[in-house]
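Notes to accompany the following structure.
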Amino acid sequence: MLGKKLVTAQKRGETRALCLGLGMVTCSMMMYFFIGITIVPFYTKSVWTTETVCKLLKANIKDKVLCPNSKGLEDEDVFPYPCLQVWVNVTASGQEVMLYHTEDTLDRNPKCSYIPGKSENSKDVKAQIETIASNFKKYQTFPCYYDPGGTKTSVILSRLYPPKGLLFAFLWPTLMFTGGCLIIVLVKISQYVSVLSAWQ
């Protein structure tokens, strides 16, 4: 009687472990799919792939502007802000071009180098942009990214999804997938050993 209870408990534990392993594998595949349709396209479309050194030429703050390319944005997401324009000299090519914060900045407003987050207090936005401009003037040279193919003459300060960020995004689903497969393999080995012991 005790043996039957132990066998039943073992089978239940194996079933739960199998469900856990299959659940982990399924969740990891869903995460792979989500990353593949959201992050990977932005990474592959970015042409600013080569890092170089930019030297500041000038950083001017112009009058308040609105995003001209605000398609898909709600009216409350569009707000006036001071337009910061940063011009740099690219060491790799020797060209004088405009610097943008990220790829998204160029798509949303090609006239400005930086788009601040929406804030109810216009003084805070102005102070933020003035701080950024002063930091550029303080650090005259800094790393930036340019298009080696020459399709884009502008440069960006940082990439939305750098290679390290993409690898980090794939790290967690990979660990989950590996853990799920390991659980399934261990359960199958345990079942095989149990059957072999019973046969002997």
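No experiment lies behind these values; they were computed from the predicted model shown. Numbering of residues begins at 1 and proceeds along the displayed sequence.
Within the 4.5 Å cutoff, the side chain of Arg159 has heavy atoms near those of the Thr49 side chain. In this structure, the side chains of Phe142 and Asn135 stay at 4.5 Å or more apart for every pair of heavy atoms.
Taking CG of Asp124 as the start and CD1 of Ile129 as the end, the distance is 11.5 Å to the nearest 0.5 Å. Distance check: Asp147 CG to Ser46 OG gives 8.5 Å after rounding to the nearest 0.5 Å. Taking CG from Leu56 and CZ from Phe136, the interatomic distance works out to 7.5 Å, rounded to the nearest 0.5 Å. A distance of 9.5 Å separates OG in Ser154 from CH2 in Trp87, rounded to the nearest 0.5 Å. With rounding to the nearest 0.5 angstrom, the SG atom of Cys83 is 9.0 Å from the CD1 atom of Ile115. Going from atom CD1 of Ile35 over to atom CH2 of Trp172 covers 12.0 Å, rounded to the nearest 0.5 Å.
A single hydrophobic cluster is seen to contain both Met29 and Leu166, as judged by linkage of ILVMFWY side chains at heavy-atom distances under 4.5 Å, directly or through other members. Neither Val88 nor Tyr139 shares a network with the other; the hydrophobic side chains, linked directly or stepwise wherever heavy atoms of I, L, V, M, F, W or Y lie under 4.5 Å apart, form separate groups for each. Linking ILVMFWY side-chain heavy atoms closer than 4.5 Å, directly or via other members, places Val155 and Tyr43 in two distinct hydrophobic clusters. No single ILVMFWY cluster, assembled from side-chain heavy atoms under 4.5 Å apart, contains both Leu18 and Val185. Hydrophobic cluster membership is shared by Trp48 and Met98, with clusters built from Ile, Leu, Val, Met, Phe, Trp and Tyr side chains linked at under 4.5 angstrom.
In terms of heavy-atom proximity, Lys137 sits nearest to Ala59 at CE-O, 3.5 Å. Looking at every heavy atom in both residues, Ile183 comes nearest to Ala17 through CG2-O, 3.2 Å. Heavy atoms only, all atoms of each residue included: Cys54 and Thr91 are closest at N-OG1, 4.5 Å. When every heavy atom of Pro41 is checked against every heavy atom of Gly36, the shortest pair comes out as CD-O, 3.2 Å.
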Run Val90 and Val97 through side chain to side chain contact (heavy atoms under 4.5 Å, CB included) and show every step you take. CA-CA 7 Å; Val90 183; Val97 297; 3.5 Å; yes
Carefully, step by step, assess Glu103 and Phe42 under the rule side chain to side chain contact (heavy atoms under 4.5 Å, CB included). CA-CA 9 Å; Glu103 301 95 329; Phe42 286 106; over 6 Å; no
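Atom CZ of Phe177 has 12 or fewer neighbouring heavy atoms from other residues, nucleotides or ligands inside a 6.0 Å radius. For Phe34, the CZ atom sits in a loose shell: 12 or fewer heavy atoms of surrounding residues, nucleotides or ligands are nearer than 6.0 Å.
The main-chain N or O of Met176 is never found under 3.5 Å from a side-chain atom of Ser28 such that the two would form a donor-acceptor pair. Proximity of a side-chain donor or acceptor of Ser113 to a complementary backbone N or O of Leu99 within less than 3.5 Å is detected. Under a 3.5 Å cut-off, the side chain of Thr178 and the backbone N or O of Thr174 do form a donor-acceptor pair. Side-chain N or O atoms of Thr105 include one that pairs as donor or acceptor with a backbone N or O of Thr102 at under 3.5 Å. In terms of modelled atom types and a separation under 3.5 Å, the side chain of Tyr161 and the main chain of Val40 share no donor-acceptor contact.
If you run side-chain contact (heavy atoms from CB on, under 4.5 Å) between His101 and each of Pro116, Ser158, Cys112, only Ser158 comes through.
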